[in-house]
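These notes are about the structure you will find just below.
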Amino acid sequence: MRNRPESRGRARRWRRIGAVMVVVCAVGAAGLYWLGALLSADCVVRPDSEAVSPTGEWRAVVYARDCGATTSAATHVSIVPHRDGAPREPGNVLVADHDHRPVPADAVGGPRVTVTWIGADRLRVVRPPHARVFRAEAKVGEVTVSHVRVSG
């Protein structure tokens, strides 16, 4: 039995659609793979300073976190349990950068930030006024945080 020209055309069209779907799925899978690799890439963490709470339960850690050429140098501050190691994730208290301004020669990362415990559950974070802030939490767990901008 001979195939009719229109049924051959339909079959050809479905083969093309199938081929296109395979290519789209392959490209999508490759894109998701590379996106996952970028998002999970190890960031370099350079500790700058830290302060232990008066009770010894917490540490406020100031560090630079560098995740490659597509991100700017940023200063992070995290409150972590005293026995924990250095934070690897973005700061849970503060994340700030220089906002494209000139960077001091001695800068480890982003703007210079200092932390001081002013009570068992109160932390003061001091940063320069030019810092571009991406995160500034007023409370982390039981710790209340005050953010102060000072020139210099």
Side-chain angles (χ1 to χ4, degrees), residues 13-152:
R13 202 172 311 127
W14 280 110
R15 277 194 299 266
R16 282 188 199 138
I17 290 171
V20 168
M21 293 300 289
V22 167
V23 169
V24 166
C25 288
V27 169
L32 287 175
Y33 171 79
W34 287 109
L35 179 63
L38 286 173
L39 292 177
S40 67
D42 287 333
C43 297
V44 176
V45 173
R46 292 184 305 272
D48 183 40
S49 63
E50 67 178 57
V52 178
S53 68
T55 63
E57 184 179 0
W58 303 103
R59 286 184 307 135
V61 182
V62 179
Y63 55 101
R65 188 167 181 267
D66 182 6
C67 296
T70 59
T71 60
S72 63
T75 300
H76 296 250
V77 176
S78 283
I79 295 174
V80 296
H82 181 56
R83 298 203 190 288
D84 282 7
R88 305 287 311 158
E89 301 300 317
N92 63 8
V93 173
L94 177 78
V95 178
D97 74 2
H98 286 288
D99 195 18
H100 307 291
R101 288 190 166 85
V103 179
D106 66 342
V108 174
R112 180 147 326 275
V113 172
T114 59
V115 293
T116 308
W117 289 94
I118 54 176
D121 59 354
R122 295 186 51 81
L123 179 71
R124 176 183 294 135
V125 178
V126 178
R127 62 180 166 82
H130 71 272
R132 177 172 55 170
V133 176
F134 298 98
R135 168 182 243 170
E137 299 295 333
K139 195 157 180 80
V140 176
E142 301 169 6
V143 178
T144 302
V145 182
S146 60
H147 294 268
V148 180
R149 291 175 18 171
V150 295
S151 59

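Any value given below was found using the heavy atoms of this structure, including those in side chains, with hydrogens, waters and symmetry copies removed.
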Practice task
Determine whether L94 and V133 make a side-chain contact, defined as any pair of heavy atoms from C-beta on separated by less than 4.5 Å.
Solution key: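 L94 vs V133: side chains touch.
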To the nearest 0.5 angstrom, please state how far the [atom1] atom of [X] sits from the [atom2] atom of [Y].
| X | Y | atom1 | atom2 | value |
| --- | --- | --- | --- | --- |
| E142 | R122 | CD | CZ | 14.5 Å |
| D97 | R132 | CG | CZ | 4.0 Å |
| I118 | T144 | CD1 | OG1 | 9.0 Å |
| H76 | C43 | NE2 | SG | 8.0 Å |

Handout entry: Residue among V93, L123, V113, V77 satisfying side-chain contact (heavy atoms from CB on, under 4.5 Å) with H147
Key =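 Only match with H147 under side-chain contact (heavy atoms from CB on, under 4.5 Å): V93.
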Nearest heavy-atom neighbours spanning [X] and [Y]:
| X | Y | result |
| --- | --- | --- |
| W117 | P54 | CB-CD, 3.7 Å |
| R127 | A131 | NH1-O, 4.2 Å |
| V52 | G56 | CG1-CA, 3.8 Å |
| P87 | V80 | CG-CG1, 4.1 Å |

Exercise for the section: Return the set of residues passing salt bridge (charged side-chain N to carboxylate O under 4.0 Å, His left out) with R149 (not counting sequence neighbours), or none when no residue passes. Expected result: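 Applying salt bridge (charged side-chain N to carboxylate O under 4.0 Å, His left out) to R149 gives none.
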Any donor-acceptor N/O pair, [X] side chain to [Y] backbone, under 3.5 Å:
| X | Y | value |
| --- | --- | --- |
| T75 | P111 | yes |
| S78 | N92 | yes |
| R59 | H82 | yes |
| H98 | G110 | yes |

Practice task
Identify, with sequence neighbours excluded, every residue that meets side-chain contact (heavy atoms from CB on, under 4.5 Å) alongside V45.
Solution key: Y63, R65, R88
Handout entry: Worked verdict on E137 versus V145 for side-chain contact (heavy atoms from CB on, under 4.5 Å)
Key = CA-CA 7 Å; E137 299 295 333; V145 182; 5.8 Å; no
